[in-house]
Amino acid sequence: MDMILEKELKNPSIFKDESKIGFDYVPEKLLHREKHFSFMVKCFRNFINKPGSVSENILIIGKQGSGKTVLAKRFGASCKTISKKNKISLEYIHVNCRLEKTSYRIVLQILKKIGIEVSSRGFSYSELLEVLLNEIKIKEILLILILDEIDYLQRDCYQLLYDLLKSNENILDVHNYISIIAIANDLTFMENFDDNLRSVFLCNKISLNPYNKQQIFDILEERSKICFYEGSISHSLLHKIATISESKSDLRYAIDLLRKAAKIAEKNKSFTILPEYLEKIA
Ligand SMILES: Nc1ncnc2c1ncn2[C@@H]1O[C@H](COP(=O)(O)OP(=O)(O)O)[C@@H](O)[C@H]1O
Ligand SMILES: [Mg+2]
């Protein structure tokens with residue numbers, strides 16, 4: 001058995017770095033989202049350059065697979081890198097509102113990310129929020145909170161959203177230290193907001209169109225460069241995947257096809273992804 005394991009492990013792989021074809025990987029370069037990224041930078045210029053002077057909120061709208069999550073995460077990660085260089089304390093936190101169902105859990109998650117372990121028992125929501133705002137105030141932490149799939153935010157959490165947006169003005173005086181990037185499929189979720197929340201939820205809006213065939217090709221080509229060894233996949237096969245995927249308007253589908261075809265190549269100990277592998281899965 002050890003011999004089999006050893007032999008398998010020694011087998012050459014098509015992957016230079018398999019993690020880079022994973023859904024959660026956040027590439028350095030986001031082709032066809034440069035303009036949106038620049039817009040976000042413009043919005044956040046003063047938030048980062050002059051900490052505490054102004055906060056900004058952004059709402060990213062687009063269909064599934066249009067790159068909303070990856071754009072927000074890339075932006076957060078880049079802000080973190082630049083703020084480290086400038087010796088500013090900045091945290092970006094990604095919360096999926098479909099998974100984190102209560103205000104309590106969301107605040108706990110934020111606290112954990114900024115390095116505060118609180119026992120999840122014994123504190124009320126308001127107490128936890130106060131701990132958070134105090135910490136932000138004392139340590140002068142700039143907080144970029146990404147509320148992903150905000151369409152799924154439970155009504156219970158509206159108070160949290162209001163509190164965070166309003167905290168810039170409240171008694172703890174956390175002046176403009178919190179910015180929110182909200183992500184949704186469309187604008188309908190706001191219909192449930194009451195007037196109070198609507199009046200504080202002021203956002204710069206970014207709409208992402210689904211990627212077209214050429215854009216899907218460009219992105220797949222770029223991802224292939226960082227995932228596979230050179231020459232592992234032909235342009236014509238990448239075009240084929242882009243053509244098949246365009247009708248789904250979901251880049252995730254295209255990346256999944258590429259990943260699955262690559263896995264078949266690996267299983268077959270092939271150094272190239274052949275058209276027949278794609279035929280098996282498409
Ligand atoms: N411009 C891009 N360059 C590289 N990969 C991208 C790009 N846009 C999206 N992706 C990838 O496509 C998949 C879907 O993107 P995602 O951000 O999850 O879409 P959404 O949040 O709109 O459903 C993810 O694996 C993501 O990494
Ligand atoms: Mg998403």
Side-chain angles (χ1 to χ4, degrees), residues 15-41 57-80 92-101 106 109 144-153 157 180-189 203-228 232-233 235 238-239 241-263 281-282:
F15 293 107
K16 194 158 59 178
D17 186 344
E18 190 175 342
S19 69
K20 293 183 175 166
I21 196 83
F23 288 132
D24 290 337
Y25 178 69
V26 179
E28 288 281 329
K29 208 167 161 186
L30 293 180
L31 292 179
H32 303 292
R33 293 296 178 239
E34 296 88 347
K35 273 190 217 146
H36 307 93
F37 188 88
S38 295
F39 176 74
M40 293 170 87
V41 175
N57 303 310
I58 288 179
L59 175 60
I60 305 176
I61 298 283
K63 286 195 175 149
Q64 175 158 317
S66 56
K68 303 180 295 297
T69 300
V70 79
L71 175 66
K73 284 187 172 173
R74 180 71 259 154
F75 181 72
S78 298
C79 288
K80 172 101 186 160
Y92 88 91
I93 294 162
H94 175 263
V95 173
N96 188 322
C97 301
R98 191 165 12 172
L99 305 177
E100 300 301 334
K101 297 256 186 243
I106 295 177
Q109 206 180 314
I144 298 178
L145 178 63
I146 301 169
L147 291 176
D148 204 347
E149 306 206 65
I150 197 172
D151 337 41
Y152 289 86
L153 198 72
C157 300
I180 289 177
I181 299 178
I183 299 175
N185 283 326
D186 54 43
L187 290 171
T188 46
F189 71 96
C203 292
N204 301 282
K205 206 176 98 208
I206 294 177
S207 285
L208 299 183
N209 289 326
Y211 294 110
N212 63 32
K213 191 160 56 176
Q214 184 59 44
Q215 291 171 330
I216 295 175
F217 171 83
D218 294 342
I219 293 168
L220 290 181
E221 190 189 27
E222 187 61 33
R223 289 288 283 256
S224 298
K225 273 189 214 156
I226 58 173
C227 299
F228 309 133
S232 300
I233 186 156
H235 273 189
L238 286 176
H239 271 297
I241 297 178
T243 307
I244 296 169
S245 310
E246 194 190 26
S247 61
K248 305 257 178 202
S249 336
D250 182 349
L251 182 62
R252 201 166 302 157
Y253 181 77
I255 292 178
D256 198 38
L257 283 183
L258 182 59
R259 192 179 54 79
K260 283 182 178 152
K263 292 300 276 183
I281 48 171

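One-based numbering, in listed order, for ligands and for the atoms of each.
- The atoms of ligand 1 that sit less than 4.0 Å from any heavy atom of Tyr25 are 27 (O).
- Scanning all protein heavy atoms for the shortest distance to atom 22 (O) of ligand 1 gives Lys68 NZ, 2.7 Å.
- Looking at Gln215 and Leu31, their side chains never come closer than 4.5 Å, going by heavy atoms from C-beta outward.
- Residue Phe23 has at least one N or O atom closer than 3.5 Å to an N or O atom of ligand 1.
- Nearest protein heavy-atom neighbour of atom 19 (O) of ligand 1: Gly67 N, 3.2 Å.
- Remark: ligand 1 atoms within the under-4.0 Å shell around heavy atoms of Lys63 are 22 (O).
- Note on ligand 1: Arg252 sits in its first shell, one or more heavy atoms being nearer than 4.0 Å.
- Ile219 CG2, 3.3 Å is the protein heavy atom nearest to atom 4 (C) of ligand 1.
- Side-chain contact between Glu28 and Arg74 is present, with heavy atoms from C-beta onward closer than 4.5 Å.
- For ligand 1, the polar-atom distance check against Gln64 finds no nitrogen or oxygen pair separated by under 3.5 Å.
- Residues Val41 and Phe75 form a side-chain contact, since some pair of their non-hydrogen atoms from C-beta on lies under 4.5 Å apart.
- The Mg ion (ligand 2) has an N, O or S atom of Thr69 closer than 2.8 Å.
- Ionic pairing of Arg252 and Asp256 is not present here: no N-O contact between side-chain nitrogen and carboxylate oxygen is shorter than 4.0 angstrom.
- Of the listed residues (Ile226, Thr69, Ile216), the one carrying the non-hydrogen atom nearest atom 21 (O) of ligand 1 is Thr69.
- What sits closest to atom 17 (O) of ligand 1 on the protein, heavy atoms only, is Val70 N, 2.9 Å.
- With Leu251, Ile255, Leu31 as candidates, the residue nearest to atom 1 (N) of ligand 1 on a non-hydrogen basis is Leu31.
- Using bins of under 30°, 30° to 60° and over 60° for the plane-to-plane angle, the ring pair Phe228/Phe15 lands in the tilted bin.
- Residue contacts with ligand 1 leave out Gly62, since none of its heavy atoms falls under 4.0 Å from the ligand.
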Residue pair Asp218, Gln214: steps toward the side chain to side chain donor-acceptor pair (under 3.5 Å) verdict:
CA-CA 6 Å; Asp218 294 342; Gln214 184 59 44; 3.0 Å; yes
If you apply the rule side-chain contact (heavy atoms from CB on, under 4.5 Å), what do you find for Ser66 with Arg33, and how did you get there?
CA-CA 10 Å; Ser66 56; Arg33 293 296 178 239; 4.2 Å; yes
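- Using a 4.0 angstrom heavy-atom cutoff, Glu222 does not count as in contact with ligand 1.
- Atom 27 (O) of ligand 1 has its closest protein heavy atom at Arg223 NH1, 3.2 Å.
- For atom 8 (N) of ligand 1, the closest non-hydrogen atom of the protein is Tyr211 OH, 2.7 Å.
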